[in-house]
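Here is the structure we will look at, set down as structure tokens.
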Protein chains: 2
Amino acid sequence: MKKKTTIHDISKALKINSSTVSRALNNSPRVSQKTKDLIQKKAIELGYQKNILASNLRTNKTNTIGIIVPRISRTFFSSVISGIEETAYNAGYNVVIGQSLESFEREKELVSTLLSNRVDGLLISVSMGTTNYDHLSNFKTNGGPIVFFDRPITMLDTPSISIDDYEASYNATKHLIKNGCKNIVHFSGFQKIALYKRRTEGYVAALTDNDIPIRPEYILESQLSEADGIEMAKKVLKLPKVDGIYSSNDTAAISAMQHFKKNNIKIPDDIAIVGFNNDPISAAIEPNLTTINQPDVEMGIIASSLLIELIKKTIKTPSEHSKTLGTELIIRQSSQKL
Amino acid sequence: MKKKTTIHDISKALKINSSTVSRALNNSPRVSQKTKDLIQKKAIELGYQKNILASNLRTNKTNTIGIIVPRISRTFFSSVISGIEETAYNAGYNVVIGQSLESFEREKELVSTLLSNRVDGLLISVSMGTTNYDHLSNFKTNGGPIVFFDRPITMLDTPSISIDDYEASYNATKHLIKNGCKNIVHFSGFQKIALYKRRTEGYVAALTDNDIPIRPEYILESQLSEADGIEMAKKVLKLPKVDGIYSSNDTAAISAMQHFKKNNIKIPDDIAIVGFNNDPISAAIEPNLTTINQPDVEMGIIASSLLIELIKKTIKTPSEHSKTLGTELIIRQSSQKL
DNA sequence: CTGTTAGCGCATTCAG
DNA sequence: CTGAATGCGCTAACAG
């Protein structure tokens, strides 16, 4: 680890003031091309590398944006991250990623370290455990702009990029009804979480619009755990004449399907299923499963672009830039009970 | 974004010199407990938060370690990352993650930005595309220590944490032989990559040791792509009397399995398969599949601990701390053709 | 277009 | 145990 060359070394070697060197290296228009060339050449010659730490301290910016997701191992999130990274890198930003693991405590810690590290902005899909947003409003006042994605939160001057849960649910349920299902179970998450509530509302609306009565015992709540999935699967088997399942809860749905499979209950020949899911696992278990495709990479690109504009203050009215992205129903053969 | 309180604010308020404040806040033993308490109290009162940027500049350290993996969406890597994060956070280090996407160019860029951002050390699983290690030796001389994981590289004074590919392959193949397989196909990756070569050697050795002839046409090379997997599946179907498959290539193997499934070729009733894989997808496709379990979280913990020791210079002989972790054969029922 | 001056906030000498 | 002084490397005012 030899001593690094600084702008002062270049300055001395060339007998040009260090501020001019700094300007030249930052390609300021206020330096003549001639001296720029001179300086650039010398910089390369001496193996100069800007000390970003010093630069950051001076400008109080880091050119870094923070990302917080529940877990990077979920396909949906790693895809979103890919979209974010691509956009950020192209705009000259670095990216740091943290996982909250659905824990509120952990999320608070992450936000706090990102704040300490002076990231210029934050992209976050809040954890399920998050009960208030003080840490986030604190980030906003002391740090920089925030853009929510995937799990929208209502917060002053803070945009959300998400999908239309209601519509997606409605369409999925309608799809099952069209294919002859009349006794459709709904796998859902906790209703106190807005996202799952809206999905349930979409399901209910689709049934109502098609004159199918709502039976509360057909709406199965659960957490996002595998054990819950097995519980749900068992409940389904006890319900009379179930002929369709609409799941808005990936994790539990997958484990439910595995449970069915182990017990030789064929899906979707016996039961038509629509899953809310981009996960390759469900596709692997049941290649013919119809799924709702969420825009993942695209969501990352949009959220990231928006955040960068907010950082650069190209935009003045953040909340007006919230966006609802469309979903797509990927219809595969055997969920059509024809 | 109001102005932040600095140690000078505390210094003034208490009429104590700022260096003492700095020392107290860093819990230096050279400050009396009494003044420490005083300062700490005031710091909280004023809502003081250390400016890490300034601290970093001064100390020329960032308390951050860089991670580079081919892609975070691979279950194996996201698990390793979990292990790394846990260990790093407990030791007071932050973590930044980059994906090379198996591209050499991208890997070089990432290493370069991590270097510019003065991460204290680097954990890397090199991309498939990487053809030389200049960027890494540059990081070592100008940045800090490196620890390789998963894909071991031979480099001066640089430890690797990886598994014993040869042994794992040998055991997997032996397992198939024990269960009566005699015509075992090997799904592999490019042989010019050391890792795949060693895996193939393990396969060959197991056959040889059991007096089964090696047939080159039973060793199928491929890249890590899905299309390749389908190609391999087709080739298998053309080979005479295949009764076992040992795969050391996750991605291709999964798509091969899906191809089998689509064509109603039952696995593993017709063909016994052993896969090299922690991926939940293959488990989902075929719950009874026997797999080689790689230590993932554990690998992260070990690599991360080692790197931190190297950063702190608690260790003087890095290369002697390379470690080969054991694998475990998870034997599930129906791959035993009994 | 270039030079001068100053300071971002902290940690580390060196004194005492 | 505490204070005074210095500078990490860069950039931003302000001159000229």
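In what follows, chains are A, B, ... by sequence order, proteins preceding strands, each numbered from 1.
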Output the rounded distance in Å from [atom1] ([X]) to [atom2] ([N]).
| X | N | atom1 | atom2 | answer |
| --- | --- | --- | --- | --- |
| B:L25 | C:dT12 | CG | C1' | 16 Å |
| A:L53 | C:dA11 | CG | P | 13 Å |
| B:N60 | D:dG7 | CG | P | 17 Å |
| B:Q33 | D:dT2 | CD | C1' | 16 Å |
| B:D37 | D:dC1 | CG | P | 13 Å |
| A:K15 | C:dT4 | NZ | P | 13 Å |

_Give me each pair satisfying ring-ring contact (aromatic ring centres under 6.0 Å, His included) with a member in residues 118-150 of chain B, each pair once, sequence neighbours excluded._
B:F104-B:H135

Determine all donor-acceptor pairs shorter than 3.5 Å in which one atom belongs to a side chain in residues 119-132 of chain A; sequence neighbours excluded.
residue : atom : partner : partner atom : Å
A:D120  : OD1  : A:T62   : N            : 3.0
A:D120  : OD1  : A:T62   : OG1          : 3.4
A:D120  : OD2  : A:N63   : N            : 2.7
A:S125  : OG   : A:D150  : OD2          : 3.4
A:S127  : OG   : A:G129  : N            : 3.1
A:S127  : OG   : A:T130  : N            : 3.2
A:S127  : OG   : A:T130  : OG1          : 2.8
A:T130  : OG1  : A:E107  : OE1          : 3.1
A:T130  : OG1  : A:E107  : OE2          : 3.0
A:T130  : OG1  : A:S127  : O            : 3.4
A:N132  : OD1  : A:D134  : N            : 3.0

_Residues forming a side-chain hydrogen bond (donor to acceptor under 3.5 Å, both in side chains) with A:T154, sequence neighbours excluded_ = none

*Identify, with sequence neighbours excluded, every residue that meets side-chain hydrogen bond (donor to acceptor under 3.5 Å, both in side chains) alongside A:N17.*
A:S19

_Using the side-chain contact (heavy atoms from CB on, under 4.5 Å) criterion, which residues pair with B:K42? Sequence neighbours excluded._
B:I10, B:A13, B:L14, B:E45, B:L46

*Would you classify A:I16 as touching base, sugar-phosphate or nothing, given that sugar-phosphate means primed atoms plus P, OP1 and OP2, and contacts are heavy atoms under 4.0 Å?*
sugar-phosphate

Tabulate atom names and distances for all N/O pairs under 3.5 angstrom spanning the protein and nucleotides 9-13 of chain D.
residue : atom : partner : partner atom : Å
D:dC10  : OP1  : A:Y48   : OH           : 2.4
D:dC10  : OP1  : A:N51   : N            : 3.2
D:dC10  : OP2  : A:I7    : N            : 2.7
D:dT11  : OP1  : A:N26   : ND2          : 3.4
D:dT11  : OP1  : A:K50   : NZ           : 3.4
D:dT11  : OP1  : A:S55   : OG           : 3.3
D:dT11  : OP2  : A:S22   : OG           : 2.7
D:dT11  : OP2  : A:N26   : ND2          : 3.3
D:dT11  : O2   : A:R58   : NH1          : 2.1
D:dA13  : N6   : A:R23   : NH1          : 3.4

*Measure the spacing between CG of A:N51 and OG1 of A:T5 and express it to the nearest 0.5 Å.*
10.5 Å

